[in-house]
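Everything below concerns the one structure shown next.
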Amino acid sequence: MADISVILPDGSTRSLPLGATAGDLAADIGPGLAKAALIATVDDVEVDLSASLADGQQVSIITAASDAGLETLRHSTAHVLAQAVLEMYPGATYAVGPPIQDGFYYDFDLPDGATISDDDLEAIEARMQEIIAADQPFERHEVSAAEGLDLFADHPYKREIIETVAMASTAGGKGDSADELADEVSGDGRISYYRNSDTFIDLCRGPHVPSTGRLGHFKLMSVAGAYWRRDAGRPSLQRVYGTAWASRKDLAAHLHRLAEAEKRDHRRLARDLDLLSWPTELGPGLAVWHPKGAAVRRIIEDYSRDRHDDGGYQFVYSPHIARSELWETSGHLDFYRESMYPAMEMDGASYLPKPMNCPFHVLIYKSSQRSYRHLPIRMFELGTVYRYELSGAVHGLMRSRGFTQDDSHIFATREQAPAEIASLLAFVLSVLRAFGFESFDARLATRPQEKSVGEDAEWDLATEALREALTAAELDYAVDEGGGAFYGPKIDVDVRDAIGRSWQLSTIQVDFQLPERFGLEYVGADGGRHRPVMIHRALMGSIERFFGVLLEHYGGAFPAWLAPVQAAVLPVAASHGDYAAEAQARLSRAGFRVEVSDAQEPLGRRIRAAKLQKLPYVLVVGDDDVAHGTVGVNARGSDGDERGVPLEDFAARLGDEVDAHR
RNA sequence: GCCCGAGUAGCUCAGUCGGCAGAGCAGCUGUCUUGUAAACAGCAGGUCGCAGGUUCGAUUCCUGUCUCGGGCUCCA
């Protein structure tokens, strides 16, 4: 019998009998691998373990240890979900069910507009576990598109997938709409489907795990509405979300992370720590800042102002509304009218609340004749803007309808722009690091196909300048094709928080358009008039959002330099009240934010209250402390407490911590 | 804006198969005067999100609406 020889990832070769499958290879390498194997890649194409191998192929066995393996696991679990739902809801039909970050979803259309509720998820999970216990094989089949249409005769969404992807490809080329469905089936005029019981098949490109018994560490998370093919004009489907993992331990760890994230939810912490609230009387997306929240915000803003002072920025202010003519000139009315609050008609003019600060800064630039000697001009404003976010998009501080940007606009010559952008990026990262963020992801967003203005050459020039700045900053970045603003390309910087989530904060945008639209000029060394480049930059993005991210990053336990209350002084008994007040006064004079919690209640109770407020320090003072001028220091996060610390020593320690931003 | 779900005391929640609405915590008052994460007692607190409808009677059933949560879309 003839043998074939395949090449393994480490470069070695292995002989197998003719007709051997990827699964056979895994078994040949070792029983451990055979057990862990989920799929394989053959010449970099993912295939089922049941796929036959041919001589000379590069083969790699994929387990759940890799992203590809985990994705397959999730995709297969989605199929099991579909099988369970179709069995439990007669007449239901199914649309698509891909793997996503941490899990999967599947979209269903139930008969007579029936809906799945969260309470139903447990029963569906139970049915899924039965299917998994039955260890049904995932059998791959390939048929022509026409046969596929017959096979899925009762399932219009599946038919539409076959028609848009498989059919379109045979007619030559596939449109944009087919791309998003391309994961479902291959586009060569034939389709593949998987059968895992007499009654259940699903259209799918694959690959899948060998059998349902390989699954099991999953949990259904929620139900939501979603449109068929993301189109608001198409039917609304029931989308069931689930999470799936390689092991019970991984699943438990994921659920634990979610619970941690929920504990860190800034809306919950904002209430528990009395930082801010969202009275319904104000309307969606509008918050009021309570004294403690305002205290933290003020520290953030003051720090930002200090850094901008040092960075050579000039501080400006601008009003909250402006006449519609301004927004016509700037282009906002053309491109973003639907996101702007509507006009107020006054004295024959209409005034609109500002969604951005840029045009005002442009007018400041324009207020006098500028020379190349003055450039670059860096303007800075904490400017509050209003944007009519869709009601469903509003989310606490992360997406609000009124917010304050730490906005700056830099006017520079074209020659200055690249260097200016590079130093700007360094400035941005330096400030973010000062707030405890260490890990960043950057994106370079290029010209949108629609909704943009300007010449291609200018876009290319600007995009290149941004690219160079990213390289200079040694920042890894992804390219977001078409993700730019209507007036120019941009760099977005995301930060990673303490539990690994990513948040978009900073943005740097190059703009040739506004200078053009407003006719900005400077006089060059040659005596001629030239057009400056404008660079838009928001560092924290919005103060509100930045505050929300910080709150979740620290889980409410702000470092001492940011904490609204840095220490509470707790007299053991009422007789120590005077000393406690004196200690507070001395610390306050030294510039610290300190409260006294007097002896109306038992000490343990007051300590507990202070701990729940996540104060950096609880200072207990009793007879010994009164006698020696000391305090008992109970630091947040430490096990025990330190007795008899001289007040001056504590003040010095707190001062060091504040200076170091710890 | 659209889909799904939820709105009961400041917070977390229970409850009423249509018949005067409950607990814990928080708050207030009093007693206790405490050495490192919950002293004791009492008081007060609700048009059961809002508006219509059905009903002898609605917090409960129906309709609409507002707000919130999850998702879609969007995010200058």
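We name chains A, B, ... by the order of the sequence lines, and we start the count at 1 in each one.
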> For Gly392(A), which contact category applies under a 4.0 Å heavy-atom criterion: base, sugar-phosphate, or nothing?
Replying inline: base
> Looking at Glu552(A) and Arg264(A), does any basic side-chain N land under 4.0 Å from a carboxylate oxygen?
Replying inline: no
> At under 4.0 Å between heavy atoms, what does Arg267(A) touch on the DNA or RNA strands: base, sugar-phosphate, or nothing?
Replying inline: sugar-phosphate
> Hey, does Thr280(A) reach any base, or is it just sugar-phosphate, or nothing, if we go heavy atoms under 4.0 Å?
Replying inline: sugar-phosphate
> Checking Arg267(A) side chain against Gly396(A) main chain: does a donor-acceptor pair fall under 3.5 Å?
Replying inline: no
>> Any salt bridge linking Arg447(A) with Glu481(A)? Criterion: basic side-chain nitrogen under 4.0 Å from a carboxylate oxygen.
In response: no
>> Check the phosphate of rA76(B) against Ser339(A), side-chain N and O only, distance under 4.0 Å to OP1 or OP2. Yes or no?
In response: no
> Is Asp107(A) salt-bridged to Arg239(A), cutoff N-O under 4.0 Å?
Replying inline: yes
>> Has Gln566(A) got a side-chain atom pairing as donor or acceptor with Ala560(A)'s backbone, closer than 3.5 angstrom?
In response: yes
> Does rG71(B) have Tyr241(A) stacked on its base, where the ring centres are within less than 5.5 Å and the planes differ by under 30°?
Replying inline: no
> Over how many whole Å does the gap from Met356(A) atom CE to rA76(B) atom C1' extend?
Replying inline: 4 Å
>> Please pick, from rA76(B), rU33(B), rC74(B), the nucleotide with the shortest atom-to-atom distance to any side-chain atom of Ala393(A).
In response: rC74(B)
> Can you find a side chain N or O atom of Arg605(A) that sits less than 4.0 Å from OP1 or OP2 on rA39(B)?
Replying inline: yes
> In whole angstrom, what separates Leu269(A)'s CG from rU12(B)'s P?
Replying inline: 13 Å
>> For RNA chain B, report each stem as range with range, ordered by first number, or say none. Use Watson-Crick or G-U wobble pairs under 3.5 Å, at least 3 in a row.
In response: B:1-7 with B:66-72, B:10-13 with B:22-25, B:27-31 with B:39-43, B:49-53 with B:61-65
> Heavy atoms under 4.0 Å, any strand shown: does His536(A) hit a base, just sugar-phosphate, or nothing?
Replying inline: nothing
> Contact class for Arg271(A) (heavy atom, under 4.0 Å): base, sugar-phosphate, or nothing?
Replying inline: sugar-phosphate
> With sugar-phosphate meaning primed atoms plus P, OP1 and OP2, does Leu603(A) contact a base, only sugar-phosphate, or nothing at under 4.0 Å between heavy atoms?
Replying inline: sugar-phosphate
>> Using whole Å, what does the distance between atom P of nucleotide rU67(B) and atom CH2 of Trp278(A) come to?
In response: 16 Å
> How would you list, by chain and number, every residue that makes a salt bridge (charged side-chain N to carboxylate O under 4.0 Å, His left out) with Asp492(A), sequence neighbours excluded?
Replying inline: Arg443(A), Lys490(A)
> Looking only at N and O atoms, is any donor in the side chain of Asp641(A) or the base of rG35(B) less than 3.5 Å from an acceptor on the other one?
Replying inline: no
> Think Lys490(A) has a side-chain N or O under 4.0 angstrom from the OP1 or OP2 of rA76(B)?
Replying inline: yes
